[in-house]
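A short write-up of the structure that comes next.
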Amino acid sequence: MKISMISEHASPLAALGGVDAGGQNVHVAALSTALARRGHFVTVYTRRDAPDLPAKVRVQPRLEVVHVDAGPAAHVPKDELLPFMEALADGVVRDWGRTPPDIVHGHFWMSGIAALNAARRDPSGFRVPVVQTFHALGTVKRRHQGADDTSPAERRFLEPSVGRSVDRIIATCSDEVFELKAMGIDSGKVSIAPCGVDLDLFSGTGPVDSRPRRHRILSVGRLVPRKGVDLVIRALAHLKEAGFDDVELLIVGGGEAAGNQDPEARRLLDLARNLGVADQVELRGQVSREEMPAIFRSADAVACTPWYEPFGIVPLEAMACGVPVVAAAVGGLTDSVVNHGTGLHVPPRDPEAIADALAALLASPELRDKLGRAGERRAKARFSWSRIAAETEKSYQLAIAETATATATSLPMEGAAL
Ligand code: UDP
């Protein structure tokens with residue numbers, strides 16, 4: 001198959017951990033790589049966000065990234081990219097030339113707009129089938145972030161409209177299917193394919209980062225309030241009161257200068273200072289993917305305590321490295337982390353519950369070991385990217401077959417009066 005991925009803000013080639021660079025970048029890169037390995041020809045279209053980027057980058061056989069000129073050749077926050085979606089679609093169609101792909105797959109609602117726009121422009125009248133992965137939904141974001149949601153106002157009606165117009169939707173977790181249904185989208189065209197984890201990179205064996213204290217709790221992700229890192233700092237203070245004082249909280253993510261310039265980093269450090277645990281907290285800033293496994297392996301527990309989470313790749317990486325996860329029971333985390341199986345669920349936004357779960361793990365090497373090993377097994381059995389690519393391929397085949405049927409039934413029958 002010839003596959004076009006559109007990922008307007010999340011380039012598979014970007015460094016991770018910044019405000020707008022996280023799971024979607026990993027997802028698009030890994031899924032595209034796995035599909036190319038299965039013999040498909042994959043092109044990822046993303047917006048040029050720096051002047052010196054080459055027009056095309058060949059990543060591996062059958063996989064290339066195309067930087068499309070759409071808006072300024074500079075970083076633009078993802079919530080300000082809507083005006084450039086038409087230019088993005090223009091660049092995609094230009095690159096297709098006379099040979100449109102078999103399928104176009106939009107990532108995030110704005111890319112869905114560009115995908116639909118491009119798919120409808122084939123001069124032969126053929127409409128390229130469109131598959132959509134939302135990664136995050138505006139309804140959920142609004143519910144949790146309220147006035148702090150910086151999404152453009154148009155998202156309220158454009159996102160459901162993308163959902164209604166595309167041929168198929170790949171939801172990353174069961175919770176998303178309910179949200180889509182509540183948006184008025186026909187669940188008959190929704191399949192679930194979770195995110196995967198790179199099992200060659202993330203495993204239980206290999207180098208281990210050194211740690212300065214007896215216990216280490218790890219938090220990994222973009223430094224944005226909704227990831228709930230402040231809740232883990234509060235939990236650290238509860239743990240200290242409960243007698244677990246030789247514990248370090250390592251926070252990975254944020255911009256390169258996470259220590260001093262990042263406002264969220266400053267907020268977290270202030271909080272730690274006010275709670276008297278500043279000497280137990282390290283903000284390491286952005287870390288490359290290659291360095292991540294050793295850091296995961298060095299932790300007694302990984303805390304993933306977001307307010308909400310469309311999927312969450314970090315818990316899968318932790319599980320693949322054999323580390324138990326304390327997970328807020330929200331969104332994709334309820335699918336990926338098995339309560340008392342591969343980690344412990346806690347109610348959202350509840351530092352005391354986080355502290356209790358962490359205390360149970362820190363107190364028992366046996367429990368850590370049991371949950372960690374089960375996590376490693378589960379990650380291998382269920383979340384390899386090759387398996388996710390095979391599931392994604394099924395959605396593509398369905399979309400192609402359904403579009404072909406729809407086109408055939410809309411054509412006049414041979415011999416019928418026109
Ligand atoms: N990540 C990384 N370096 C960092 C911070 C994060 O490589 O400094 C990676 C992390 O390992 C994971 C991804 O970024 O693969 C974050 O994905 P997740 O789905 O957990 O969160 P999102 O960013 O999508 O909200």
Side-chain angles (χ1 to χ4, degrees), residues 7 9-31 33 77-79 107-109 133-137 140-141 144-145 171-173 175-176 193-203 209 218-229 232 250-259 262 264-265 268 282-299 302-321 323 325-328 330-337 343 379 383 385 388:
S7 181
H9 72 276
S11 165
L13 306 174
L16 303 176
V19 169
D20 285 342
Q24 186 176 327
N25 308 62
V26 175
H27 184 121
V28 173
L31 177 62
T33 304
K78 72 169 184 264
D79 288 333
H107 294 266
F108 198 57
W109 69 281
T133 300
F134 282 103
H135 292 272
L137 290 172
V140 180
K141 192 172 183 191
H144 290 277
Q145 301 208 352
T172 52
C173 66
D175 187 53
E176 189 184 335
C195 294
V197 57
D198 180 348
L199 295 167
D200 293 332
L201 186 62
F202 294 93
S203 74
D209 191 59
L218 177 65
S219 162
V220 178
R222 295 173 295 126
L223 275 197
V224 289
R226 74 113 170 142
K227 288 286 181 182
V229 183
V232 192
L250 175 63
I251 302 169
V252 169
E256 276 166 44
D262 187 316
E264 178 63 1
L268 295 174
E282 184 196 340
L283 269 115
R284 194 165 291 184
Q286 202 166 41
V287 163
S288 74
R289 291 198 66 57
E290 289 62 37
E291 293 169 89
M292 287 304 313
I295 294 177
F296 276 112
R297 286 183 208 115
S298 73
V302 174
C304 300
T305 56
W307 306 344
Y308 63 96
E309 190 59 86
F311 186 76
I313 297 181
V314 166
L316 292 188
E317 294 171 343
M319 280 159 52
C321 289
V323 182
V325 182
V326 170
V330 293
L333 303 187
T334 56
D335 287 359
S336 57
V337 178
F383 296 103
W385 276 112
I388 312 302

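One-based numbering, in listed order, for ligands and for the atoms of each.
Using a distance-only test at 3.5 Å, with no hydrogens or angles considered, a donor-acceptor pair links the side chain of R297 to the main chain of S203. Formation of a donor-acceptor pair under 3.5 Å by the N25 side chain with backbone atoms of S11 is found in this model.
Contacts between I313 and ligand 1 below 4.0 angstrom, taking non-hydrogen atoms only, involve backbone and side chain alike. Residue contacts with ligand 1 for E317 involve side-chain atoms from C-beta outward but no N, CA, C or O (heavy atoms, distance under 4.0 Å).
Of the options H107, Q24, H27, a side chain to side chain donor-acceptor pair (under 3.5 Å) to S7 is made by Q24 and by none of the others. Screening V330, V232, L333 for a side chain to side chain contact (heavy atoms under 4.5 Å, CB included) involving T305 leaves a single residue, V232.
Contact detail for P310 and T172: the closest heavy-atom pair is O-OG1, 3.4 Å. Across G228 and W307, no two heavy atoms sit closer than the pair CA-NE1, 4.4 Å.
Between R222 and ligand 1, at least one pair of N/O atoms sits closer than 3.5 Å. In terms of polar-atom proximity, F202 is not counted as a contact of ligand 1, lacking any N or O under 3.5 Å from an N or O of the ligand. Ligand 1 has no N or O atom lying under 3.5 Å from any N or O atom of F296, backbone or side chain.
The residue among K227, R284, E309, R289 with a heavy atom at the shortest distance from atom 21 (O) of ligand 1 is K227. With V197, V287, T172 as candidates, the residue nearest to atom 8 (O) of ligand 1 on a non-hydrogen basis is V287.
With ligand atoms numbered from 1 in the order given, ligand 1 contributes 25 (O) to contacts under 4.0 Å with heavy atoms of R226. Atoms of ligand 1 found under 4.0 Å from any heavy atom of G312 (numbered from 1 in listed order, with element): 19 (O), 20 (O). Atom numbering of ligand 1 starts at 1 in the shown order; those under 4.0 Å from a heavy atom of V314 are 10 (C), 12 (C), 20 (O). Residue-ligand proximity, G253 to ligand 1, at heavy-atom distances under 4.0 Å covers atoms 5 (C), 8 (O).
Taking the six-membered ring for Trp and thresholds of 30 and 60 degrees, Y308 and H144 have nearly parallel ring planes, at less than 30 degrees apart.
Within the 4.0 Å heavy-atom cutoff, E291 does not count among the residues contacting ligand 1.
In this structure, the separation between CG on L218 and CD1 on I295 is 7.0 Å, given to the nearest 0.5 Å.
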